[in-house]
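First up is the structure itself, then whatever we jot down about it.
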Amino acid sequence: MRVFKYFIKVIFPFSLSTNDNVAIGDINGDNQNDREKVLLLLKEKPGITAKEMSEQTGLSTRKISLIIRELRKSEVIIRMGSNRKGHWEINKSKF
């Protein structure tokens with residue numbers, strides 16, 4: 001039997017957990033709930049920016065942009081006015 005002089009045994013008091021929400025959403029979690037958060041913010045404040053939405057929801061600005069692009073493509077929201085000074089309107093027939 002060999003005895004190692006410099007052997008250290010380390011035991012970690014926690015276990016690795018997996019994200020169980022991946023199956024119902026995308027890799028970042030539940031996509032439907034994120035859409036509802038964004039729609040609620042757009043309904044409350046139509047002139048809100050992606051940065052403000054990010055701060056209020058905890059989602060990244062990139063995630064907000066992707067959700068807005070998806071909502072715009074499916075015509076759930078419509079941009080009224082310019083990109084700089086316009087606002088969002090929710091298409092009630094699609095929502």
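A quick note: this is a predicted structure, and the numbers were derived from the prediction, not measured.
- Using a 4.5 Å heavy-atom cutoff, the side chains of I64 and V38 are in contact.
- Listed here is the closest heavy atom pair of N83 and R72: OD1-NH2, 4.4 Å.
- Annotation: side chain to side chain contact (heavy atoms under 4.5 Å, CB included) contacts of R84 (sequence neighbours excluded): S82.
- Judged by distance alone, the side chain of N91 and the main-chain N or O of I77 form no donor-acceptor pair under 3.5 Å.
- Using a 4.0 Å cut-off between charged nitrogen and carboxylate oxygen, R79 and E89 do not count as a salt-bridge pair.
- By the salt bridge (Lys or Arg N to Asp or Glu O under 4.0 Å) test, E36 is found to be paired with no residue, residues two or more places apart in sequence or in another chain being considered.
- Taking K73 as the reference, nothing meets the side chain to side chain contact (heavy atoms under 4.5 Å, CB included) condition, with sequence neighbours excluded.
- Judged by distance alone, with hydrogens and angles left aside, the side-chain atoms of S54 form no donor-acceptor pair with the main-chain N or O of A50 at under 3.5 Å.
- Of the candidates I68, L59, T61, I68 is the only one forming a side chain to side chain contact (heavy atoms under 4.5 Å, CB included) with M53.
- Rounding to the nearest 0.5 Å places CG of L66 at 4.5 Å from CZ of R62.
- Between the side chain of E55 and the main chain of E52, no donor-acceptor pair closer than 3.5 Å is present.
- Considering only heavy atoms from C-beta on, K45 stays 4.5 Å or farther from H87 through its side chain.
- Residues Q56 and I48 are in side-chain contact: their nearest non-hydrogen atoms beyond the backbone lie under 4.5 Å apart.
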